[in-house]
Structures are given as C-alpha cells and as structure tokens.
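These notes concern the structure reproduced below.
Naming convention: chains lettered A, B, ... in sequence-line order (proteins, then strands); numbering from 1 in each chain.
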There are 2 protein chains.
Amino acid sequence: MSPRNDEPRGIPAPTLRRFPAYLSQLFRLQEEGRDVVSSTHLGKRLMLDPVQVRKDLECTGLVGRPKVGHSVPKLIEAIESILGWNRVNEAFLVGAGNLGAALLGYPRFKQSGLDIVAAFDEAPEKVGSEIHGKTVLPLKKLANLTRRMGVKVGIIAVPADHAQAVADLMVEAGILAIWNFAPVTLRVPEEVIVQTEDLYSGLAILTQKLAVRLREEPSKGVRHAHE
Amino acid sequence: MSPRNDEPRGIPAPTLRRFPAYLSQLFRLQEEGRDVVSSTHLGKRLMLDPVQVRKDLECTGLVGRPKVGHSVPKLIEAIESILGWNRVNEAFLVGAGNLGAALLGYPRFKQSGLDIVAAFDEAPEKVGSEIHGKTVLPLKKLANLTRRMGVKVGIIAVPADHAQAVADLMVEAGILAIWNFAPVTLRVPEEVIVQTEDLYSGLAILTQKLAVRLREEPSKGVRHAHE
DNA sequence: GCAGTATCGATAACTGTTTATCGATAAGCG
DNA sequence: CGCTTATCGATAAACAGTTATCGATACTGC
C-alpha cells in the first residue's frame with residue numbers, strides 16, 4: 001500500500017546478517033577500482049541468488065540502474081548507516097580468558113561500530129596485565145566506569161555459570177546492549193538488547209549434518225583398516 | 001498425509017540450534033534428581049513458548065504423557081542421537097592464534113561430538129608448542145595426517161585471506177565437514193558440509209538494534225556533559 | 001469414583017522469508 | 001536509429017517457522 005518505506009526499521013534479521021558480507025565484497029570492489037556493481041555480480045561472489053541480493057539491497061532504499069548496477073560507494077554508505085557502522089560505540093569486555101583475548105585481538109571491530117576500550121576480570125592474577133594493548137581492570141570497577149564513561153555496550157566472555165551475574169551487573173550500570181558469548185539464556189529487562197553467540201548451536205548443525213551423512217553412506221569418509 | 005515420519009532428517013535448523021540449550025537444561029534437571037519434565041517447565045527455564053518446546057521435542061519422535069511430561073533421560077538420549085553427540089568425531093584445527101587457542105580451551109566439546117586432537121599452523125614459532133595440552137603441528141603435515149587418521153572434521157581459525165587455501169587443503173585431504181570461523185564464503189564441493197560462524201553477522205544485528213534504539217530515544221543511554 | 005486442572009497432541013492461522021515470473025529500462029552494436 | 005541483451009523493480013506464489021486454539025488425557029483432591 002505505501003510504496004515509501006523510508007523507515008530503516010523492520011529489516012529482516014537474515015538480511016542484516018548478510019550485510020557484513022556485502023560490505024566486505026563492496027570494499028574489495030572499491031579497491032579493485034570498480035565504481036558500480038550489479039546484483040548478479042555481487043551474488044556470484046557470495047554464492048547468493050541474484051534475486052536475493054536485489055531484495056536485500058532494496059532495504060537500503062537505494063535504486064540501481066538497469067544494465068549498470070548499483071553505485072559501490074553509495075551502497076557502502078547506506079549499509080554502514082543502517083548497521084550503525086559509521087559511528088563507533090565504546091564497549092567493555094568482561095572475561096579475560098581465551099575467548100576474551102581472542103575478541104580483544106579481533107581485527108576490524110572498530111570499522112564495525114565497536115571499540116572495545118577495556119577488559120575486566122575477577123581473577124587478581126589477570127588484573128593489571130595488558131592484552132592486545134587493552135588493560136585488564138578489576139571487575140569491581142566495571143559499574144563505576146561504565147556510568148562515568150557512558151559506555152553502552154557490554155561483552156560477556158565468562159564461563160556460563162558467571163554470565164547471568166555479569167549481565168545483572170551490566171544492566172545495573174546502565175549498559176544498553178549485551179553481546180553474549182556464554183551459552184546461557186540471559187534474563188534482562190525488556191529494553192536491553194541481547195545478542196547471544198552460542199558456539200554449540202552452530203556445532204549442533206554441523207554434527208547433525210555429519211551424522212546424517214555418515215549414516216547415509218558410511219563408506220564415504222569412514223576409513224577401515226582393511227580397505 | 002503420512003503421519004509416520006521416522007526419518008530423522010528434515011529437522012528445521014532453528015530447532016537444531018535450540019537443541020543444545022535443551023540438553024543443557026536436561027542435564028541440570030537430571031542433576032537435580034528430576035526424572036520427568038513438562039514442556040511448560042522447560043520453556044520457562046529457557047524463556048521459550050511452551051508450544052515451541054513441544055514442537056521441537058516432537059522432532060525427537062518421543063511422546064510425553066499429559067500432566068506428567070517427558071522422561072528426562074529419554075529426551076537426552078534422543079537429542080544426543082539426533083545431533084550425533086553420542087559419538088565423537090575427531091577434528092583438526094588450523095590456526096593457532098587467539099581464536100584457535102580459545103577453541104582448543106573450550107570446555108565440553110568432547111561431550112558435544114567433537115574432539116580436537118591437534119592444531120596446525122604455518123608460523124614456525126608456534127609449531128612445536130602446546131596449547132591446552134594439544135600439540136601445534138606444521139601445516140604441511142595436515143593432509144598426510146588427515147588421510148592417515150581418517151579425520152573427517154576440520155576447523156578453520158585463520159585470517160580471512162588464508163581461509164580458502166586452508167579449506168582447499170582440507171577438502172583435498174578428505175575432510176567431510178568444515179567448521180569455519182573466518183568471515184568468508186568458502187568454495188567447496190557440494191558434498192562437503194560447511195558451517196560458518198561469522199562474528200560480524202551477529203554484531204550487525206546488535207549494532208543495528210542499538211542504532212535504532214539510540215535514534216528513537218537519544219536521551220536514554222547517551223550521556224551529555226551538562227545533564 | 002467423580003470433578004477440576006494441568007499438560008499433551010493435533011490442527012489451523014498467521015507471519016516472514018525465499019523463490020519465481022513479468023514487464024520496463026538503458027547500454028551496446030550493427 | 002533501431003534491435004538485442006543484460007539488468008533492475010515489482011508482483012505473486014511457495015515455503016517454513018511460529019503462534020494460537022481446541023479437544024483429549026491423566027493426575028489430584030474431595
């Protein structure tokens with residue numbers, strides 16, 4: 001009914017999940033000196049259906065020209081704007097273990113709207129150390145610093161049995177969005193945004209597919225001694 | 001038309017993704033000494049709609065008894081069987097950086113159908129070291145060892161620009177399933193299973209929601225100096 | 001035993017995403 | 001200058017997943 005849909009809300013989650021991949025390819029195209037790109041070409045690079053790509057790009061509000069394609073810089077700008085990657089949110093990370101260190105060393109987060117400014121941990125032996133240039137502070141200081149610096153994003157990289165306590169702490173301190181890497185269901189007030197990355201859920205899909213495959217054709221892949 | 005659906009295939013991916021969470025709660029229930037559980041109760045623990053839970057549990061082929069619920073041990077057995085978590089697949093990990101170390105130290109993978117038996121890396125300074133009890137081997141040995149040991153699962157934890165090369169190596173060596181942590185679209189033969197865990201796709205959802213929230217009510221969360 | 005209630009199973013409606021098809025547009029080429 | 005072709009946009013159909021509703025069952029208490 002209403003052809004105008006200027007509101008950037010209501011973009012499907014699957015589309016949002018594909019946007020970073022589009023961005024990555026768009027940057028590569030830009031480096032290659034290309035100024036325009038067609039849905040077809042973008043689809044080939046990402047092994048996606050061209051129609052799917054067009055549907056996704058439609059969400060940006062931009063229109064492409066037939067036979068030519070879309071403007072690469074405009075697409076980049078539009079997608080970054082939708083994702084909020086044209087500004088940077090400061091974030092605190094809790095849990096300076098293996099996973100926490102990996103996150104602190106992850107490249108390009110700053111170009112993806114996230115700047116992890118400090119890490120926190122309970123363990124005294126970790127406090128005071130530096131990981132990838134970020135200081136590890138005692139957990140007790142989290143609430144105070146969060147309020148003082150107005151940090152809005154918290155990252156949870158602690159074992160599952162501590163995650164809820166950390167989340168409570170963050171919410172109490174005024175954190176608005178939590179990126180949770182512990183495989184638990186966090187209970188937070190409705191207005192707090194939670195994005196949980198559960199390794200086990202992806203693993204479940206992998207092992208289930210593998211189990212089906214091995215059940216279907218046990219000859220393939222299973223190597224017996226007398227073969 | 002066909003009420004019988006014994007085939008364990010065709011389980012929706014969202015359901016598969018929820019199964020590990022169900023399992024986790026079921027184990028806790030077992031420790032608490034409970035032998036039966038209702039969909040309602042399970043739903044409350046995981047903040048899921050009871051109907052959703054029933055739909056998911058339906059995929060196991062088990063039936064619960066009204067007013068009583070489902071048998072906890074039978075549910076555990078059924079879900080583990082579907083996910084292939086009642087057996088263990090040996091896996092090789094490539095990339096002994098931060099992320100690789102985090103994966104090597106991750107707990108409970110062995111109870112989730114995955115046993116990472118060794119890590120591989122190209123960097124000579126990493127080769128020979130031990131991370132969480134697992135030896136780091138030179139990448140050159142990957143193909144040979146994979147074939148000799150009949151390893152079927154490969155984990156990619158290298159930077160994006162090396163991921164495709166590692167995937168090619170794995171496929172060539174006979175790997176059947178790849179758990180990919182690099183944010184790239186891997187090109188592999190159709191029969192090879194690929195599960196990509198892309199941090200940026202989750203981050204996209206988080207930052208987009210946050211951007212919308214901050215745009216809607218800038219007063220909340222954004223702290224001005226003169227407040 | 002009989003009523004009340006919690007829980008399950010099945011069916012159906014709804015929502016949202018993907019896939020397919022059509023007509024329109026503009027660049028390239030004879 | 002007009003024809004061909006690649007590409008886009010819009011509409012519609014198909015599919016999948018979630019949510020809602022209803023009747024049936026079996027435990028509990030009286």
Side-chain angles (χ1 to χ4, degrees), chain A residues 1-19 21-22 26 29 34-72 74-75 78 185 201 204-205 208, chain B residues 1-7 9-19 21-22 25-26 29 34-72 74-75 78 201 204-205 208-209:
Chain A
M1 277 301 156
S2 61
R4 277 296 181 91
N5 197 3
D6 291 326
E7 298 284 323
R9 311 174 206 174
I11 296 175
T15 297
L16 288 175
R17 287 188 175 277
R18 283 187 289 268
F19 271 162
Y22 290 141
L26 288 168
L29 285 163
R34 298 196 51 167
D35 203 55
V36 289
V37 65
S38 71
S39 311
T40 313
H41 185 219
L42 211 47
K44 269 182 194 160
R45 290 206 177 204
L46 293 161
M47 304 216 298
L48 292 173
D49 191 282
V51 183
Q52 173 98 84
V53 177
R54 233 171 288 140
K55 270 267 182 236
D56 287 339
L57 297 190
E58 196 181 301
C59 295
T60 63
L62 295 174
V63 289
R65 290 200 315 173
K67 182 70 185 172
V68 178
H70 288 263
S71 155
V72 173
K74 279 187 182 169
L75 274 182
T185 307
S201 82
I205 291 184
Q208 190 266 348
Chain B
M1 277 300 155
S2 60
R4 277 295 183 92
N5 198 3
D6 291 329
E7 298 286 322
R9 310 174 208 174
I11 295 174
T15 297
L16 288 175
R17 285 187 176 278
R18 283 187 289 268
F19 270 163
Y22 289 141
Q25 287 302 323
L26 287 168
L29 285 163
R34 299 195 50 165
D35 202 55
V36 289
V37 65
S38 71
S39 310
T40 313
H41 186 218
L42 212 45
K44 267 183 197 159
R45 291 206 176 204
L46 291 161
M47 304 217 297
L48 293 173
D49 191 282
V51 184
Q52 174 96 82
V53 177
R54 263 199 298 277
K55 271 265 182 243
D56 287 339
L57 297 190
E58 197 181 301
C59 294
T60 63
L62 295 174
V63 289
R65 290 200 315 175
K67 182 68 186 177
V68 178
H70 287 262
S71 153
V72 172
K74 279 188 182 172
L75 275 182
S201 81
I205 292 186
Q208 190 266 348
K209 282 186 187 166

Using a cut-off of 4.0 Å between protein heavy atoms and nucleotide atoms, how would you tag nucleotides 4-12 of chain D 5' to 3' with B, S and -?
--SBBB-B-

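For A:Arg54, there are no salt bridge (charged side-chain N to carboxylate O under 4.0 Å, His left out) partners, not counting sequence neighbours. For A:Asp49, the side-chain contact (heavy atoms from CB on, under 4.5 Å) partners are A:Val51, A:Gln52, not counting sequence neighbours. Residues satisfying the side chain to side chain donor-acceptor pair (under 3.5 Å) test with A:Thr60, not counting sequence neighbours, are none. Legend: residues meeting side-chain contact (heavy atoms from CB on, under 4.5 Å) with B:Ala21, ordered by chain and number and at least two apart, are B:Leu46. In terms of the side-chain contact (heavy atoms from CB on, under 4.5 Å) criterion, residue partners of B:Pro12 (sequence neighbours excluded) are, by chain and number, B:Pro14, B:Thr15, B:Cys59. For A:Lys74, the side-chain contact (heavy atoms from CB on, under 4.5 Å) partners are A:Leu62, A:Ser71, not counting sequence neighbours.
For residues 57-68 of chain A, the set of pairs meeting the salt bridge (Lys or Arg N to Asp or Glu O under 4.0 Å) definition, not counting sequence neighbours, is empty.
Between B:Asp49 atom CG and C:dT15 atom C1' the separation is 15 Å, expressed in whole Å. Distance CE (A:Met47) to P (C:dT18): 16 Å, rounded to an integer number of Å. Between the CD1 atom of A:Ile11 and the P atom of C:dG16 there is a distance of 14 Å, rounded to whole Å. Protein atom CZ of A:Arg18 is 12 Å distant from nucleotide atom C1' of C:dG16, rounded to whole Å.
Between A:Gln52 and C:dT19 there is a side-chain N or O to OP1 or OP2 distance below 4.0 Å.
Taking five base pairs at each end of the helix from C:dG1-D:dC30 to C:dG30-D:dC1 and finding the rotation axis that steps the C1' atoms of four pairs onto the next four gives two axes whose angle is 10°, to the nearest 10°.
Residues A:Thr185 and B:Leu48 form no side-chain contact, since every pair of their non-hydrogen atoms from C-beta on lies 4.5 Å or further apart.
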